[in-house]
Structures are given as C-alpha cells and as structure tokens.
2 protein chains.
Amino acid sequence: MQQVSDASRSPGYDPAPTNSRALIVDSIRSAGTVSRVELTQITGLTAPSVTTLVRRLIDDGLVDEAGRGSSTGGKPRTMLRIRAAARYVVGVHLSADSLTYVLVDYAGAVVARWRRAGPGDDSDPEQVVERIAAETTELIERSGVDPSLVLGLGFVCPGPLIRNRGVTSAPPSMTHWVGFPIHRRLEERLGLPALLENDATAAAAGTRLTTSHDVSVMAALFMSEGIGSGLRLNGNVYQGAHGNAGEVGHICVQIGGPQCWCGSTGCLEAIAGPATVVAKARAAGLDLGSPRRTGVAAFAAIARLALTGDSRAEAILRDSASWLALGAQTITNMYDVQLLVLTGPAFAVAGTIYLPIIQERILSSAFGRAVNTEVVLDERGHDAAAIGAALMMLRSDLAISA
Amino acid sequence: MQQVSDASRSPGYDPAPTNSRALIVDSIRSAGTVSRVELTQITGLTAPSVTTLVRRLIDDGLVDEAGRGSSTGGKPRTMLRIRAAARYVVGVHLSADSLTYVLVDYAGAVVARWRRAGPGDDSDPEQVVERIAAETTELIERSGVDPSLVLGLGFVCPGPLIRNRGVTSAPPSMTHWVGFPIHRRLEERLGLPALLENDATAAAAGTRLTTSHDVSVMAALFMSEGIGSGLRLNGNVYQGAHGNAGEVGHICVQIGGPQCWCGSTGCLEAIAGPATVVAKARAAGLDLGSPRRTGVAAFAAIARLALTGDSRAEAILRDSASWLALGAQTITNMYDVQLLVLTGPAFAVAGTIYLPIIQERILSSAFGRAVNTEVVLDERGHDAAAIGAALMMLRSDLAISA
DNA sequence: GCCACTATATTCACAGACCTAACAAACTCA
DNA sequence: TGAGTTTGTTAGGTCTGTGAATATAGTGGC
C-alpha cells in the first residue's frame with residue numbers, strides 16, 4: 001500500500017526526473033529509437049553513465065537493442081527502444097455520457113481501446129466502481145496481456161478535484177460524485193495503484209508532440225462536457241496547489257453573464273461550453289437526433305450538421321469558438337506556452353471549426369505575435385484524457401523499478 | 001562572462017534546488033534562525049549531511065552560529081543564521097515615472113533603499129544605463145558596503161520581455177526600449193552580473209510570506225503603471241517559455257472593449273489599469289495636483305482622495321477593483337494557488353480599497369470556496385519588484401559559491 | 001552533586017551516482 | 001590491409017549523502 005500512494009503523491013509541480021534512470025526511459029520512449037550517443041546529448045549525462053544505465057535497463061527487460069543505425073564513417077550506432085511488452089497501464093476516462101478505456105504498453109502505444117456508454121446521470125458511485133473494475137479486468141483479459149504486467153490505472157474525471165480526496169465539485173450531471181474517493185475504491189477493488197486526475201490535465205500529459213522543434217512548455221485546451229486546460233512543463237504536468245490548475249472553463253469572460261453550475265456567473269463554460277451549444281441548437285430547432293441525446297453526442301450531431309453545410313449549426317459553433325478563443329488567449333497569456341493543443345471529445349468532432357478562429361485570435365494578440373505560439377488540433381482528441389492518465393502512471397516511479 | 005549568463009539562464013520553470021548547499025542556504029534564510037535538527041526536517045537531508053554542509057557554509061563565512069535554543073530535555077539546539085554581511089545584491093526597478101533601488105544583504109534584508117524620479121517618457125536608453133550605473137555605484141558607496149561583496153544586480157522593468165534579449169513590447173511610455181538589451185549593457189558598464197525580469201514576476205519572488213501555514217504555490221497580482229502577475233512555486237518563479245507568463249493585464253475581460261496599447265481590445269489593463277483610472281478621474285474633474293503628474297503619482301492622488309472621503313474617487317477605484325477581481329479570479333483558476341498577494345506601487349497606495357473587493361470575488365467563486373485561497377496585501381508593495389529582483393539574484397548559483 | 005536520561009550534533013566507514021581518462025569495437029575509405 | 005572515425009565500455013576517482021556508533025550538553029531525580 002506504500003507504493004500505491006507513491007504514484008499519486010507529488011504536491012504541485014513535479015520537477016524533471018532527477019532520477020537518471022527515469023530520464024533515460026523517458027528519453028527513449030519519446031524518441032522511439034535512439035542510440036546511446038544521442039542519449040548523451042538529450043539527457044546531458046556522460047557516455048559512461050548512459051552505458052551503465054542502459055545496461056541495467058536491458059538487464060531488467062525494460063529496454064531492447066534494436067539493430068544498428070547506418071555508419072557515418074565510424075562504428076554504427078546501436079539503436080535502443082523501449083521493450084513495449086515489459087509493462088502495461090490502463091487509462092480510464094469517465095464522464096456522464098461515455099466511459100473510455102485504453103490499455104497502453106510500456107512504449108506508450110495504445111494497444112487496446114474500449115468506448116462504452118457512460119453511467120448516466122443518476123448512477124450510484126459504488127456501482128460504477130464495480131462496473132469499471134469489471135470492465136478493466138475484461139479489457140486486460142481480452143487484450144491477452146499478462147495481468148501481472150499491468151502496473152496500475154490512471155483515472156480521469158471532469159471537473160475540479162482534490163488530489164487523494166476525490167471530486168470536490170461537479171457539473172450537474174455528477175453532483176453525487178462529490179467527495180467520493182473513486183481512485184481509492186478502485187485501488188481496493190482491483191488491487192492496483194490508481195491515480196486520480198482532472199481530465200484536462202491528463203489530456204495535456206497525453207498529447208503527442210508532433211511539432212518539429214523542441215517543445216518544453218505546452219498547454220492543452222480540453223473540451224468534453226466541460227472546458228478545462230492543462231499545462232505541461234518538460235513532460236511533467238503542472239497541477240497547482242490542490243490539483244485544480246487550468247480551470248479555464250470557469251474564468252469570467254462576461255460581467256453579468258449567465259449563471260454557471262459552479263455558482264459563479266459569466267463563466268466561459270456557461271457561455272460557450274458544449275451544454276450551452278446544445279441548448280442553443282435545440283432552441284434554434286436543429287435536429288440532433290433523439291431528444292434524449294445529450295452531452296458530447298448531441299454536440300457531435302451539431303458538428304456534423306455544421307460540417308455538412310447547415311449554416312445555423314455553423315453559426316452557433318463559430319460563436320462558441322470566438323469565446324473559446326478568449327480562453328485560449330488567457331491560457332497563452334498566463335502560461336506563456338510554445339504550443340497550445342486543442343483536444344478532448346468535443347474538439348475531436350468540431351475542431352476544424354474551432355481551430356482557425358482560435359488560431360487567429362492567438363496569432364493576432366500582441367504576445368502571440370512576439371513569440372509565435374503555435375495552435376494545433378490533437379488527432380487523438382477522443383482518447384486524449386484516458387491516454388494521458390495512462391501515461392502519467394507510466395511516468396511514475398512505480399514504472400521504472402526493476 | 002560565463003558566470004554572468006549563468007544567473008539569467010533557466011528555461012521556463014527552475015526546479016527546486018537539487019543543490020543541497022543552496023537548499024540549506026535557502027532554508028536558513030527563509031527561517032531566519034534554525035537549528036541543524038530543524039534543517040534535517042525542512043530539507044529532508046540526514047543529520048550528517050546537514051552537519052557537513054553547514055560546516056562548509058560556516059567555513060566559507062556564509063552562515064553563523066547564533067547562540068543556543070532552550071533545552072527541551074536534552075542538549076539545546078545550536079541556532080544558525082545567515083551571515084547577513086557576507087554578500088549583497090542590488091535590485092533596480094525601472095518604470096517611466098520612478099526608479100527604485102534597493103540594496104539587499106545576504107540574509108535577504110533591505111539595507112538601503114533609494115527612490116528617484118523615473119527617466120520620463122523620452123529618455124535615451126544609453127543615458128538611462130549611465131544614470132542607473134552611476135546611481136547604483138552611489139547607492140553602494142553611501143551604504144558603506146564593500147563593493148567587492150556585491151554579487152550582482154537584478155533589473156526589473158514593466159511589460160513583456162524576452163529573457164536575454166530585452167524588452168519586446170512596451171507601454172506607450174517606453175516604446176523606445178523595445179529590443180534594447182539593458183541588462184547586458186548594465187553588466188558591461190558595472191562589471192557585475194545582471195538579471196532581467198518582468199516586474200510582476202520579480203514581485204512574486206520578492207513577497208515575504210507572512211502566513212502561518214506552509215505556502216508552496218503562490219502568486220502575486222502586481223499593479224504599477226500596468227497590471228501583471230507572477231507565479232512562485234516552492235520559492236522559484238515560473239517564467240513560461242519566453243519569460244512572459246502571467247500577463248494578466250492583457251487577458252480580454254470584455255468582448256469589444258476599449259483598444260489597448262498592446263494591439264488587442266478589451267484588455268484588463270485598458271479597462272481598469274492605473275492609466276485608465278487616472279484618465280477617468282481627470283474626466284470626472286478630480287483635482288490630482290499638477291496636470292503634469294502622471295502614472296502612479298497621479299493614481300496615488302486619486303487613492304488619497306478616495307481615502308479622505310471623496311466619493312467620486314472611491315467609485316472610480318471600486319470600479320477598477322471589480323475588474324481587477326476578475327483578473328485575480330483568473331489567476332486563481334489558472335494557477336490554483338494557496339495565496340494571492342496584491343503588490344506593486346499602485347496597490348501600495350490603494351490596496352485597502354482593492355483588497356476587500358478582490359477577496360470577496362475569490363472567496364465566493366466555487367474554487368475559492370472549495371480550497372480556501374487566501375488574498376492579502378503586501379506591506380512592501382512599493383519596493384516589491386526591486387526587492388524581488390535582488391532576491392532572485394541572491395538565489396542564483398553565483399550566490400552560494402565559496 | 002552525582003547519575004541516569006534525552007535531545008543534539010558529529011565522526012567514520014561505506015554505498016551509489018556520475019565524472020574523466022583511457023581503451024576497445026566496428027565501421028569507412030584509401 | 002591499415003589509418004581514421006565514430007561509438008561504446010572499462011577502470012578509477014570524486015562527491016554526495018547514508019547508517020551506525022559516538023560525543024556533547026543540557027534536564028531532572030535523589
């Protein structure tokens with residue numbers, strides 16, 4: 001049980017691994033395949049240190065040699081890569097209308113994925129724990145992965161939470177979750193360490209960096225049922241004092257604006273979040289399929305309409321995007337990032353509408369111009385949070401012990 | 001010259017000192033006087049390590065023993081404290097209408113302070129360098145401190161900058177500073193390492209923590225001629241990818257709001273910053289003394305009027321405060337801090353009007369309620385930026401070498 | 001005033017991380 | 001085939017920090 005709490009501790013920002021072993025593993029993982037010489041450059045360690053650390057990792061079965069590079073006039077480089085089958089982690093993303101599972105291997109690749117209907121609005125937390133535990137077990141079983149190689153589970157849910165204590169406040173659909181220590185219950189039920197994280201923060205951890213240049217400071221703008229953001233610094237997420245950093249959905253963007261479920265008024269989420277977009281679309285008489293369709297499913301229906309030429313749907317989304325752009329600008333102003341990634345289920349379905357509007361505002365703002373902040377769309381938006389939670393587990397100390 | 005750049009390097013967030021020597025010095029400095037046993041608790045190092053490190057620090061003249069604590073049944077603790085006279089650093093805060101110098105000793109105390117009129121709007125940067133160099137030299141001379149003990153200089157100016165390159169964009173009064181590498185010029189002129197920092201970020205570093213409980217994540221909301229903020233994590237400031245984190249003055253708080261000098265519209269600073277407050281007060285016919293009085297001096301005149309019962313002045317400031325409260329809420333939402341300190345010259349003169357309004361909004365916001373974020377006024381607001389710059393220099397690697 | 005007791009601080013021997021310097025291995029090219 | 005080049009390893013040393021044992025300087029009982 002000692003180990004269990006270890007993974008989810010870490011008050012505030014977790015500095016870059018002082019642990020060279022973790023540093024090497026991270027470097028190999030994010031590079032794909034690298035040679036030892038390259039590792040000396042990436043990590044700043046000396047060649048002998050790299051040799052020693054890599055040897056131990058190979059002995060422990062965490063890293064493999066993977067053929068040779070071509071010679072550049074001398075001995076060719078021996079390439080290294082993560083032994084993908086060494087360990088696995090599970091990532092789970094819960095929201096009212098969907099429940100996403102991913103199984104991620106030690107190299108960080110998704111080897112299994114499962115999306116199911118969410119527990120709905122009035123679910124009993126204890127029953128949901130049961131269900132998640134059962135489905136997690138089933139996921140592992142069906143994937144054919146040896147369960148003893150599964151290190152732990154990263155669990156993600158929307159909204160503010162207090163690390164190690166559970167959800168502290170929640171959107172209307174999940175109020176009965178407040179104060180329920182779901183990750184602890186999952187730990188007990190599954191016998192695996194579990195980590196609890198905010199959806200947006202996890203998404204920041206899960207975003208693959210596909211930019212050419214080196215990005216050490218990036219943020220994710222996450223939209224699912226709500227709106228949030230996460231900040232990633234050199235691969236570590238910034239969580240704030242209580243694990244609630246990045247609550248961009250509840251900054252006030254309009255004095256005297258509409259009431260938000262959070263108790264405040266004029267929140268970005270209340271004005272331009274998916275729930276509001278859906279309400280506006282319904283009010284405008286758009287056909288979103290079944291009237292029982294809610295949350296991201298309903299939002300996706302609007303996006304489909306907009307993308308197939310419905311100008312009313314498009315106008316509603318473009319209006320939402322102009323507000324989201326404000327949030328994005330706040331993120332870049334406050335965090336000063338090199339890269340902002342739009343991610344989460346809502347951007348997965350409507351990102352192409354939001355992206356140019358957000359980009360334009362960022363690039364035309366004074367600081368955007370001065371420093372050239374890039375804004376991109378995550379191609380794995382749907383699963384970003386679940387993947388991120390899994391990756392956070394994969395980067396915990398647990399994951400590098402022999 | 002190697003050393004010189006060392007102090008101002010540090011891409012993005014600088015993790016807690018891995019350097020135990022620096023850790024010990026920091027711990028003693030922030031505790032005032034401590035025993036070795038207490039240091040083992042604070043730092044997590046073992047008793048033998050503390051013994052050794054402290055012995056070296058005493059040998060190097062950086063730390064002194066300072067009598068004994070009272071016994072609690074055994075050997076009384078030998079108290080340690082920083083040898084204040086071991087080293088000194090200078091902090092300089094430049095704005096259009098004032099130039100503040102502080103000389104800070106190795107214990108972090110201000111031993112000399114000098115506030116002078118600013119260079120005004122149309123000053124030649126080279127001449128300002130000359131003037132600052134001369135006045136810095138004079139400050140040191142008059143203080144009686146041995147110049148060879150002065151480690152370096154922390155330089156602070158308003159607005160966005162790119163670390164190591166100078167100011168990148170600037171308020172109207174300082175546009176001619178754009179691109180001028182003032183800290184490099186000061187280094188050359190004074191023969192001392194210099195560090196360039198944004199005023200708000202430095203203020204976060206300069207704020208003394210007077211709260212009872214342990215604060216590891218705090219932010220400063222800084223108001224001088226402009227509005228900015230800084231984030232401090234475990235004693236290290238977060239600077240962002242380009243040194244521009246915390247630009248809360250240029251988040252948009254009103255769609256279609258007034259034009260800001262930064263090129264954007266609806267910026268917090270344009271709506272509620274000191275310049276706007278002064279303009280409104282003049283428009284309302286308030287007597288601010290000489291019509292040539294500008295910047296913080298004019299703002300201070302309004303604050304005096306408000307505090308002596310002028311209801312028009314008070315209304316103008318209260319309106320500004322309600323907008324600043326939005327900015328404060330954004331800070332707490334994005335950074336999730338335990339403590340928010342209002343600081344800078346403008347809060348130094350009008351803080352008592354702003355504080356309750358800001359406090360109320362933070363405490364009534366959902367996340368404020370859930371996690372109890374404290375909001376306080378800095379009693380050293382006038383000098384916070386200069387002091388902070390000095391303290392940042394004091395925490396650089398330079399400052400702990402024998 | 002002496003003795004046990006306790007809390008504080010130090011010494012000593014050792015483990016581990018990481019470095020420099022020297023060396024071995026594996027390729028290219030003349 | 002061998003010189004040159006690049007990659008990786010071995011050997012030895014330094015430095016940091018640890019645990020175990022010990023020294024130091026008080027308190028309080030008798």
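These numbers come from the heavy atoms of this one structure, side chains and all, not from hydrogens, waters or symmetry mates. In the text below, chain A, chain B and the rest are named by the order of the sequence lines, each starting its count at 1.
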Pull out every protein N or O sitting under 3.5 Å from an N or O of nucleotides 5-7 of chain C, one pair per line with the distance.
unit_1: C:dT6; atom_1: O2; unit_2: B:G73; atom_2: O; d: 3.3
unit_1: C:dA7; atom_1: N3; unit_2: B:K75; atom_2: N; d: 3.1

B:T43 meets the side chain to side chain donor-acceptor pair (under 3.5 Å) criterion, sequence neighbours left out, with none

Student check: side-chain heavy atoms of A:D336 and B:H242 closer than 4.5 Å:
yes

To the nearest angstrom, the CE-P distance between A:M79 and C:dC27 comes to 15 Å

The criterion is side-chain contact (heavy atoms from CB on, under 4.5 Å); which residues satisfy it with A:I82, sequence neighbours excluded?
A:V25, A:I28, A:R29, A:V63, A:Y106, A:A107

With a 4.0 Å limit, can you tell me whether B:S35 has a side-chain N or O closer than that to the phosphate oxygens OP1/OP2 of C:dT8?
no

Rounding to a whole Å, what distance do you find between B:R36:CZ and D:dT24:P?
15 Å

Taking side-chain contact (heavy atoms from CB on, under 4.5 Å) as the definition, give me every residue that meets it alongside A:S30, ordered by chain and number, with sequence neighbours left out.
none

Across all chains, not counting sequence neighbours, the side chain to side chain donor-acceptor pair (under 3.5 Å) partners of B:R36 are B:E65

For A:R68 and C:dC27, is the shortest distance between a side-chain N/O and OP1 or OP2 below 4.0 Å?
yes

Please name all residues satisfying side-chain contact (heavy atoms from CB on, under 4.5 Å) with A:A219, sequence neighbours left out, ordered by chain then number.
A:I331, A:Y335, A:V337, A:L340

Contact list for DNA chain D against residues 38-59 of chain A - heavy-atom distance below 4.0 Å:
A:A47, A:P48, A:T51, A:R55

With sequence neighbours left out, write down each residue that passes side chain to side chain donor-acceptor pair (under 3.5 Å) with A:S35, or none if nothing qualifies.
A:E38

Going by the rule side chain to side chain donor-acceptor pair (under 3.5 Å), which residues pair with A:D146 if we only count those two or more places apart in sequence or in a different chain?
A:S148

